[in-house]
Amino acid sequence: ARPDYGTANNLAEAMQVADKIGYPVLVRPSYVLGGLAMAICYDEDRLEGFLDEAIRVSSGRAILVDKFLEDAFEVDVDALADGESVVICGIMEHLEQAGIHSGDSTAVLPTWKIKPTHLETIREHTIQLARGLNVCGLMNVQYAIFEDRVYVLEVNLRASRTVPFLSKACGIPFAKLAARIIAGQKLKKLGLTREPRIDGYAVKVPVFPFDRFPGFDPLLGPEMRSTGEAYGADDLFGLAFAKGMMSAGRTLPVHGNVCISVNDRDKLSVLPIARGFESLGFTLLATRGTAEFLRSRGLQVAKTVLKFGEGRPHIADLVHNREIDIIINTPLGGTAYYDERELRKAAQESKALMISTLSAADAVVEAIRKLRRNVLGVRALQDRDIENPAMSRAL
C-alpha cells in the first residue's frame, strides 16, 4: 500500500487534494534531493504558506501532496539488482518520528523492534519493485509502518546516502558491486546471493550544526538539516547506540532528572520506559496529564511541570536552568508540532537530551543500562567476520 496522494499545480488544486485525503499532508516538489522545500501541513494556512516555495523549487513541475502518516515507524531499505536477481543490502529501522528526513534520522541495523511479518512484507515488496522497475544497480526504498500495515513512501532508483553506512556495517563495498553490475556482471558471479547478516548491531547517528547558530530553532522535519553522521557498532544494541551518540557529540546522562510529556496515545507505552528510568535511579518529572497517569500506575513523580501557557516556571524554564537532563516529548498534531520552539531551543542551548519518540526513549534506557554494566570495547572494522568469502575474493 501507499499513502493517499494527489498532484497540484497551484494553491486551489493543492487545497482540493488536501481536503480529499485529509490533513495533515506532506507537500513536496518533484525531483529534489535532501527534502528541499518539503513541509508537513496541518491546516490550510500552513499549506498556503509553504506552497509558494514548493512551486518555485519545482520549476513548473507538479507539486506532490501526500497523506502524512503521523506517528508511524519508518524503515529504509537498500538493494542491489542485476536484471535477474535481487539482493537486499540491509533493512534499517529509524528511531525518529515519521516525517523526519531519513538523513536526519538515527537508524539501526538490523532492525530492533519491527515485527518479523512486517520484515517479510518489506522484503517481498522490495524484490517486486526491483524486478518491476528492471533495476540494474542500487535501489533505495523507504517504508512506513502505520496501524500494523506497511506503506511504500518512495522508491529511489539510485544509490542512497545509507550505502556507505551499510558498506561499513557489512564489510561489503556495495557501490563497487553496483558499478560492476552496471558494467554487465551478475550478482551470482560477484558472490552476493543473499541478504548479509552482521555481527551485532550498527547504529547511524546524524550530526547537526545547531550549536553554531545560537537562537536557531532545531526543529527537524522533511527538509534535511544534518551535516554529517557518526557510526557505532557493538554486539549489544544499547552499547552500539551509546557509541553512535557519543561519536556524534551527544551525551547520554547516566543520572539526573527525566521530564516526560507524552500524548494520550503514548501513555500506556511510556510506562515501561518510565519504570526503566526509575530503576536506574533517575528522578521523574512530568507535565500534568502524564504525571497523573504515571502516579496512578504506581510511579513516583517528584514534580509536576507546567506546560507553555500554564504559568511560570514552565518546562522550558527548567531546561534553561539545567534542572532537566532528559526530555521525553512526543508531539501529536499541528499545535504540538509547531508550538514547542522554546523547548527545542532550550534543550539545544543547555545540552539536554530531547527525545521525540518512544522507540528512541527505549533505546536511551537500554544504552544507559548497558553503559552502567559494561565497559565500552573497541574493535577495528577490519576484524569483523566477513560472511561471504567468495565475494571478498572477487573484489
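Side chains included, hydrogens not; waters and symmetry mates left out as well; all remaining heavy atoms used. This one's a predicted model, so the numbers in the text were calculated from it and none came from an experiment.
- Asp264 has its side chain within reach of Lys267: a pair of non-hydrogen atoms, C-beta onward, lies under 4.5 Å apart.
- Clustering ILVMFWY residues whenever any of their side-chain heavy atoms sit less than 4.5 angstrom apart, transitively, puts Leu80 in the very cluster that holds Phe165.
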Mind running side-chain contact (heavy atoms from CB on, under 4.5 Å) on Val205 and Glu229 for me, showing each step along the way? CA-CA 5 Å; Val205 181; Glu229 58 191 29; over 6 Å; no
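- Looking only at distances, a side-chain donor or acceptor of Lys204 sits under 3.5 Å from a matching main-chain atom of Ser105.
- Using a 4.5 Å heavy-atom cutoff, the side chains of Glu44 and Tyr23 are in contact.
- Listed by first then second residue, pairs satisfying salt bridge (charged side-chain N to carboxylate O under 4.0 Å, His left out) with a partner in residues 4-17 number zero, not counting sequence neighbours.
- To the nearest 0.5 Å, atoms CZ (Arg373) and CG (Leu239) are separated by 11.0 Å.
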Between side-chain atoms of residues 241-261 and protein atoms elsewhere (two or more places apart, or another chain), which donor-acceptor pairs fall under 3.5 Å?
| from | atom 1 | to | atom 2 | distance (Å) |
| --- | --- | --- | --- | --- |
| Lys243 | NZ | Ala233 | O | 3.1 |
| Lys243 | NZ | Asp234 | OD2 | 2.9 |
| Lys243 | NZ | Gly377 | O | 2.7 |
| Ser247 | OG | Lys243 | O | 2.8 |
| Asn257 | ND2 | Glu323 | O | 2.8 |
| Ser261 | OG | Thr287 | OG1 | 3.0 |

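- Counting heavy atoms from C-beta outward, Thr7 and Val17 have side chains that stay 4.5 Å or more apart.
- Both the sub-6.0 Å distance and the 45° axial angle are not jointly satisfied by Arg295 relative to the ring of Phe293.
- Atom CD in Glu74 sits 8.5 Å away from atom CG in Leu69 (nearest 0.5 Å).
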Trace of the side-chain contact (heavy atoms from CB on, under 4.5 Å) decision for Val141 with His125: CA-CA 9 Å; Val141 189; His125 286 358; over 6 Å; no
So Arg123 and Glu120, salt bridge (Lys or Arg N to Asp or Glu O under 4.0 Å) or not? Walk me through it. CA-CA 5 Å; Arg123 290 187 175 99; Glu120 286 309 306; 3.0 Å; yes
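- At a threshold of 4.5 Å between non-hydrogen side-chain atoms, the residues Asp78 and Ile88 do not count as touching.
- Heavy atoms only, all atoms of each residue included: Pro110 and Gly200 are closest at CD-O, 3.4 Å.
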For a side-chain contact (heavy atoms from CB on, under 4.5 Å) check, start with the C-alpha distance between Gln300 and Thr283, then their side-chain angles and the critical distance, and finish with the verdict. CA-CA 8 Å; Gln300 299 297 317; Thr283 300; over 6 Å; no
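- Note that CG of Asp199 is 13.0 Å distant from CZ of Arg197, once rounded to the nearest 0.5 Å.
- Side-chain atoms of Ser167 come within 3.5 Å of backbone atoms of Ile172 as a donor-acceptor pair (strictly under, hydrogens ignored).
- Hydrophobic clustering of Ile, Leu, Val, Met, Phe, Trp and Tyr side chains at less than 4.5 Å, counting indirect connections, keeps Val150 apart from Ile127.
- Follow the hydrophobic side-chain contacts under 4.5 Å out from Leu268 and you reach Val301 in the same cluster.
- Between Cys89 and Leu166, the shortest heavy-atom contact is CB-CD1, 4.0 Å.
- At a threshold of 4.5 Å between non-hydrogen side-chain atoms, the residues Leu294 and Val270 count as touching.
- With Tyr201 as the partner, the ring-ring contact (aromatic ring centres under 6.0 Å, His included) test is satisfied by one option alone out of Phe237, Trp112, Tyr231: Phe237.
- Between the side chains of Thr162 and Asp76, no donor-acceptor pair is found at a separation under 3.5 Å.
- By the 6.0 Å contact criterion, NZ on Lys307 is open, its count of non-hydrogen atoms from other residues, nucleotides or ligands being 12 or less.
- Checked by atom type and distance alone, the side chain of Asp266 never pairs as donor or acceptor with a backbone atom of Asn263 at under 3.5 Å.
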For the pair Val155 and Leu157, evaluate side-chain contact (heavy atoms from CB on, under 4.5 Å) and give the outcome as yes or no after the intermediate values. CA-CA 6 Å; Val155 183; Leu157 306 184; 4.0 Å; yes
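- A continuous path of Ile, Leu, Val, Met, Phe, Trp and Tyr side chains, each step under 4.5 Å between heavy atoms, connects Leu371 with Ile273, placing both in one hydrophobic cluster.
- In terms of heavy atoms, Pro272 sits closest to Ser269 at CD-O, 3.3 Å.
- Note: Leu47 CG to Met15 CE = 5.5 Å, rounded to the nearest 0.5 Å.
- Sparse packing is recorded around CZ of Arg288, with 12 or fewer heavy atoms of other residues, nucleotides or ligands lying under 6.0 Å away.
- Between Tyr42 and Phe68, the ring-plane angle classifies as perpendicular under the 30° and 60° cut-offs.
- The number of heavy-atom neighbours closer than 6.0 Å to NZ of Lys20, taken from other residues, nucleotides and ligands shown, is 12 or below.
- Using a 4.5 Å cut-off between side-chain heavy atoms of Ile, Leu, Val, Met, Phe, Trp and Tyr, with links allowed through other members, Val365 and Val262 fall into the same hydrophobic cluster.
- Sorted by first and then second residue, the salt bridge (charged side-chain N to carboxylate O under 4.0 Å, His left out) pairs involving residues 142-157 (not counting sequence neighbours) are Arg28-Glu154, Lys115-Asp148.
- Expressed to the nearest 0.5 Å, how far CG of Leu285 lies from CD1 of Ile327 amounts to 11.0 Å.
- A donor-acceptor pair under 3.5 Å is formed between the side chain of Ser359 and the backbone N or O of Leu95.
- Proximity of Pro3 to Leu153: side-chain heavy atoms (C-beta onward) are separated by under 4.5 Å at one or more points.
- In this structure, Asp82 CG and Leu177 CG are separated by 11.0 Å, a value rounded to the nearest 0.5 Å.
- Of the N and O atoms on the side chains of Ser85 and Arg131, not one donor lies less than 3.5 Å from an acceptor on the other residue.
- In summary, Arg369 and Glu366 engage in a salt bridge, as defined by a charged side-chain N under 4.0 Å from a carboxylate O.
- Of all non-hydrogen atoms in Pro196 and Cys170, the two that sit nearest each other are CB-SG, 4.1 Å.
- Between Tyr143 and Thr121, the side chains place no donor N or O within less than 3.5 Å of an acceptor N or O (distance only, hydrogens not considered).
- In plain terms, the two heavy atoms of Leu109 and Gly90 that are nearest each other are CD1-CA, 4.0 Å.
- Across every non-hydrogen atom of Gly137 and Ile181, the tightest pair is N-CG2, 3.9 Å.
- Residues Leu138 and Arg158 form no side-chain contact, since every pair of their non-hydrogen atoms from C-beta on lies 4.5 Å or further apart.
- Contact annotation: the side chain of Ile355 never approaches that of Asn329 to less than 4.5 Å [non-hydrogen atoms, C-beta and beyond].
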Apply salt bridge (Lys or Arg N to Asp or Glu O under 4.0 Å) to the pair Glu84 and Lys188, showing each step before the final yes or no. CA-CA 10 Å; Glu84 298 174 2; Lys188 185 175 182 180; over 6 Å; no
